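Just below is one structure, and these are the notes that go with it.
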Protein chains: 2
Amino acid sequence: MVGIRDVARLAGVSTATVTRALRGDPSVTAATKAKVQAAAVQLGYVPSAAARALSRGHSNLLGLFVPDIVNPFYAQVAQGLEDRAAEERYHCVIASSHLNREREQQLLTSFQDGTLAGLAATTVGSDESFAAALTATRGPLVLVDRRPRGFNAPLVRTDNRKVTRHAISRLFAMGHTRIAMISGPREFDTACQRLSGFRMAYQDAGSFLPDSYIRHGHLGEAGGHAAMRELLALPQVPTAVFCFNNLVTVGALTAIRAAGLKIPHDISVLAFDDMSLFPLVDPPITAIAQPAYEMGRAAADMLLRRLAGEQEVTDIVLPATLIERESLGPPPAAERITPPAT
Amino acid sequence: MVGIRDVARLAGVSTATVTRALRGDPSVTAATKAKVQAAAVQLGYVPSAAARALSRGHSNLLGLFVPDIVNPFYAQVAQGLEDRAAEERYHCVIASSHLNREREQQLLTSFQDGTLAGLAATTVGSDESFAAALTATRGPLVLVDRRPRGFNAPLVRTDNRKVTRHAISRLFAMGHTRIAMISGPREFDTACQRLSGFRMAYQDAGSFLPDSYIRHGHLGEAGGHAAMRELLALPQVPTAVFCFNNLVTVGALTAIRAAGLKIPHDISVLAFDDMSLFPLVDPPITAIAQPAYEMGRAAADMLLRRLAGEQEVTDIVLPATLIERESLGPPPAAERITPPAT
DNA sequence: TTGTACGCGTTATCAG
DNA sequence: CTGATAACGCGTACAA
């Protein structure tokens, strides 16, 4: 283990000078700097991260807590975060909570030990103890995608309501009157916002929205699948579905296929969150794409700024865009003739 | 910042006892242990990760270097690694190299500073300096998926040759005689192994394999796309294609679609690496699925074992499985009548 | 069983 | 511009 003292000795200077020289401190003669650097490379000296962290008071690690790194949306957020962090010589600790409270708590604890200089998180926990743990943290905190109740950390998100309203209006424009939504848990502000946009589109169209067309609390492929089955079992089957997120969409798609229905001929499908394979799906899926990568970058940026001393870090809202493919079409002919009861 | 001394004071013991009590050392009275724990929770004491790492000589962080965390294959590896690591209270630092040598070197340096206790990596670098850097590392190293030349670290991989040979034989059994392969870089041992299995299947079938049916050095969606276009421009268009990996498959699929060809009617497609959306693609893609999650777990396990003092850690080969869907079919009728010109 | 005291490798303060 | 030295917070021989 070659340490800073070895370098200092070889270069004929003090350890303090070594630090300064290596950090490029302007108050060091070019000559000394050269000597030190030469000694450092000759010895293959690399400063100890642990010692540095202990001395400086914080590490060069940014944390990212997400529900599931396998979900491409979060993987992209991670990529954005990492790329931005790398620019500042930071690295990323990525952890998946699987939407599990215990795991989240456990992760939080490991953050309290100062392993991380800052944390970007998409959490599910909204209970008191959780919020307390998250707030009583060592470094800056940034929320990604959604903000659970009781948190006041800055958030980076997309304009859920606006895009949703816009996208759903397209469906109405195509002649649909019976559009359903498979929504997420009521506690998710994202679910609320998307639902809000959905409702606004209904109002804009002057249509009536039966409660049964909104399936709350569905998450993941299984949730999407179950919700879609419920929807298909309704007396008045909807002619279009709006899915809360990518996984829910996949589940819904599977259910529709299992039921032997054709998209968009029998039913139209609109997804929130795009996926790289959506263009190749049968049929290509029309989706609302969130700028996941940019969200990750923005989160890292906010963290970095706070780490650099900046106090005023506020929410940032990024635009999502509707990517039109082929899963949206006019409602089935029969439906156009027989308007829905009620 | 509440430190160990505060806890010691409140509990009326020494710092040494605090450490021992908290670590569950058997040489501590149940009574003292209780006192200490009470004091610790009362004060909300959390040991500093940096101080601990400095003192113990290594952190509780495992590193994972992959080409691209957005690639679902690596995301699954990451998930497996993290899950296994979490069992041992380790966390994961994940970094994407984007197959970029410079970035890999940079990442390597940050590993040399002791940030990581161990490293699992899927690297591209095979040059001398890179190997040297990777070997002159602080903690144990495990290779995932492939081993570049010059490395002697243990590897966790799948039996590429065997599955490939098996899968390709299915194609021959269906009547194909003109099967092409879009392969990866020649330096990748994975490419060599899959190519080897491919060739063996050709031998088993007693068929002749023209050089033009093997496209070397293709990677990513762009690579797959380009290679597929070349294949489609051949005088004797192949009746089936085997794609090196998931991204290459996507690119090939896009090219086939752009050419207006139907799968499997006009051409059959076999993918290496499964993807969650393959069942929904038009048509559902038949793929060779690698146990990515298990590979990640295995890698973490090997690292953990070495960290626990075990010396004998050897390669581990996991089985891959062929998942049959609908992208494989008999060759076009015309082809069955007119055998390929040598 | 428990306490004392030192080491881990840097950084940063404060003289010079 | 450079050097000596005190933290940083924990783990652990060694002693009691």
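Chain letters run A, B, ... following the sequence lines, proteins first and then strands; every chain starts at 1. Nothing here was measured: the structure is a model prediction, and the numbers come from that model. Side-chain atoms are counted along with the backbone in the values below, which use heavy atoms only and exclude waters and symmetry mates.
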Salt bridge present between [X] and [Y] (N-O < 4.0 angstrom):
| X | Y | answer |
| --- | --- | --- |
| Glu87(A) | Arg84(A) | yes |
| Arg297(B) | Asp301(B) | no |
| Arg147(B) | Asp315(B) | yes |
| Glu82(B) | Arg103(A) | yes |

Quick one: label [X] by what it contacts on the DNA or RNA (base, sugar-phosphate, nothing), any heavy atom closer than 4.0 Å.
| X | result |
| --- | --- |
| Arg20(A) | base |
| Thr29(A) | sugar-phosphate |
| Arg23(A) | nothing |
| Ser27(A) | base |
| Val7(A) | nothing |

Nearest-Å distance, [atom1] ([X]) to [atom2] ([N])?
| X | N | atom1 | atom2 | value |
| --- | --- | --- | --- | --- |
| Arg9(B) | dG9(D) | CZ | C1' | 13 Å |
| Asp25(B) | dC10(D) | CG | P | 17 Å |
| Asp6(B) | dC8(D) | CG | C1' | 14 Å |
| Leu54(A) | dC8(C) | CG | P | 14 Å |
| Asn60(B) | dC10(D) | CG | P | 14 Å |
| Arg56(A) | dA6(D) | CZ | P | 23 Å |
| Asp113(A) | dC8(D) | CG | C1' | 15 Å |

Consider the side chain of [X], meaning its heavy atoms from C-beta on, and name the nucleotide among [options] that approaches it most closely.
| X | options | value |
| --- | --- | --- |
| Ile4(A) | dT10(C), dG9(C), dC10(D) | dT10(C) |
| Val13(B) | dG3(D), dT10(C), dG3(C) | dG3(C) |
| Arg52(A) | dT2(C), dG3(D), dT10(C) | dT10(C) |
| Thr15(B) | dT12(D), dT1(C), dT2(D) | dT12(D) |

* dT10(C) base / Ser55(A) side chain donor-acceptor hit below 3.5 Å ->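 Indeed, a donor on one side and an acceptor on the other fall under 3.5 Å apart.
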